[in-house]
2 protein chains.
Amino acid sequence: MKKELTLRQIEILTFIEDFIRDNNYAPTLREIATQFNMSSVNGAKTHVDSLVRKGFLKTGNNLSRTISVQQNKYSEKNESNVTEIAVIGRIAAGYPLLAEENVDTRIMIDNFLLKNAAKCFGLKVRGDSMIDAGIFEGDIVIANSEEKYQNGDIVVAKLQDEATLKRFLKKDGEYYLMPENKNYEPIPVTGREDFSIAGKVVAVIRMFN
Amino acid sequence: MKKELTLRQIEILTFIEDFIRDNNYAPTLREIATQFNMSSVNGAKTHVDSLVRKGFLKTGNNLSRTISVQQNKYSEKNESNVTEIAVIGRIAAGYPLLAEENVDTRIMIDNFLLKNAAKCFGLKVRGDSMIDAGIFEGDIVIANSEEKYQNGDIVVAKLQDEATLKRFLKKDGEYYLMPENKNYEPIPVTGREDFSIAGKVVAVIRMFN
DNA sequence: AATAATACTGTAATTTTGTACAGCACTAAT
DNA sequence: ATTAGTGCTGTACAAAATTACAGTATTATT
């Protein structure tokens, strides 16, 4: 399946994006068809379906005005835009990491700083296990929950209902979480049931005072 | 006409706000009614009508899912505001540090992260002189140009038409710029004409990749 | 040369959704 | 004491919107 968009699809995607920005709600298929002088709603529908299939839009089923933009790499306005991301504070045991119960606050992040900010979340750093990587207690790390992590990446891992920040390492077929602090030991996690990786760290924010 | 909201109306307004944030589209009257265990859509409708009348919501006529929030002074999340700050890149000799000529890009910073963001600017870090303070090459430091700096603060200093990042130290009546890297020597700056302090560092942002 | 994808028209069924009206109980303001 | 506003239930209807299906023509792609 082709993932690139045609000129027409870009036009339609851009119209939808602009419409939502201007009205705070999404256009209907009829409104899209009218805008592009199509006499049939289905013209708009097939385009929207294609854009959904290619991952640029998302829609609800049988629900009106539920088109939302997932990404638009063809838009020039992407620069000075911001996305709100949730910052996870203390973890409530039993809940998924990104559950509302764990959200401490929300901050706006410039899209220039973060690609795919919509898939990112923040985590307040506790402890000093990553001090040698320049990540200190109180810092906020930003992690992308969808980006593929590789050997050597710093990740947010969930271990026994605790979110921890470590470097992910694969060695001789075994997996480890490596602290960046000589005072701590590597944690072997191969096959552990209570272990999962929530995201790859893509940024660190530190505030003084 | 009363302009204040009742508890119930605040509840409903908040639900609508949260719903839109989570779904990227507005709830229908039925969805609101269901959420609040009302057996009639009209229960939701009268509330929404009241909120529109009082200026908190806006809706289209006969259009589905067109509720949008105009204001919500009852929401605690209202602080989530952003300020655009300039990021200084390479310094053009002869210009003031914050001159337009030196601006590399602009980013949006959440006011929650930064007090008095309007007086702040960013600086792309070059070199490794602050590596022991966890500030690496490529990081963006945010400095407040108006905040009073004290002995021991990390500051953005201008030295010979170069912006540098150092810890400011006062010892025995003499002033020094201290690198945080054993390989570099302190720089005495007492009485130097080509020296000035542009701002006190209040935050560091680091992006991976 | 064959196939898949694009880019529509046109009609119609189905579902979703907003609106209207009648009514009731309770509360706050004048 | 009366009125306006709140906070609903319940029924019904009409408008709005999505979806489905049958086509046609054109443009890539293999």
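Numbers restart at 1 for each chain; the letters A, B, ... are given by sequence-line order, proteins then strands.
Residue A:S129 forms a side-chain hydrogen bond (donor to acceptor under 3.5 Å, both in side chains) with just one option from A:K166, A:E180, A:R167, and that option is A:K166.
Distance CE (A:M38) to P (C:dT6): 13 Å, rounded to an integer number of Å. Distance B:N37 CG to D:dG7 C1': 14 Å, rounded to the nearest Å. Put simply, CD on A:Q35 is 13 Å from P on C:dC8, counting in whole angstrom units. Distance CD (A:E11) to C1' (C:dT6): 14 Å, rounded to an integer number of Å. In this structure, B:I12 atom CD1 and D:dT6 atom P are separated by 12 Å, rounded to whole Å. Summarising the geometry, the separation between CZ on A:F15 and P on C:dA7 is reported as 17 Å, rounded to the nearest angstrom. Distance, B:L7 CG to D:dC8 P: 12 Å, rounded to whole Å.
Put simply, the side chain of A:M108 does not reach to within 4.5 Å of the side chain of B:M108, judged on heavy atoms. Residues B:K124 and B:D104 have side chains in contact (heavy-atom distance under 4.5 Å, counting atoms from C-beta outward). Counting heavy atoms from C-beta on, the side chains of A:F195 and A:T190 never come closer than 4.5 Å.
Note on residues 149-168 of chain B: pairs passing ring-ring contact (aromatic ring centres under 6.0 Å, His included), not counting sequence neighbours, are B:Y149-B:F168, B:F168-B:Y175.
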Review item, side-chain donor-acceptor pairs of residues 131-140 of chain A, under 3.5 Å, at least two apart:
unit_1: A:E137; atom_1: OE1; unit_2: A:G127; atom_2: N; d: 3.3
unit_1: A:D139; atom_1: OD2; unit_2: A:F136; atom_2: N; d: 2.8
unit_1: A:D139; atom_1: OD2; unit_2: A:R206; atom_2: NH1; d: 2.7

A:H47 and A:E11: CA distance, side-chain angles, deciding distance, side-chain contact (heavy atoms from CB on, under 4.5 Å) verdict
CA-CA 10 Å; A:H47 275 119; A:E11 271 179 25; over 6 Å; no
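In terms of phosphate contacts, B:Q9 brings no side-chain nitrogen or oxygen within less than 4.0 Å of OP1 or OP2 of D:dG5. Taking side-chain N and O atoms only, B:H47 has no distance below 4.0 Å to OP1 or OP2 of D:dT6. For B:T6 and D:dG7, the shortest distance from a side-chain N or O to OP1 or OP2 is below 4.0 Å. For C:dA5, the OP1/OP2 oxygens have no side-chain nitrogen or oxygen of A:R53 closer than 4.0 Å.
Fit an axis to the five pairs at each end of the helix from C:dA1-D:dT30 to C:dT30-D:dA1 and the two axes sit 50° apart, to the nearest 10 degrees.
In the set C:dC8, D:dT6, C:dT6, D:dT6 carries the atom at the smallest distance from any side-chain atom of B:S50.
Partners of A:F15 according to the ring pair (Phe, Tyr, Trp, His ring centres under 6.0 Å) rule, which considers only residues two or more places apart in sequence or in another chain, are A:F19, A:F36. In this structure, the side chain to side chain contact (heavy atoms under 4.5 Å, CB included) partners of A:V52, at least two apart in sequence or on a different chain, are A:V48, A:L57, A:T59.
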Take nucleotides 13-23 of chain C nucleotide by nucleotide from the 5' end and write B, S or -, depending on whether a protein heavy atom sits under 4.0 Å from the base, only from the sugar-phosphate, or from neither.
---SBBB-BB-
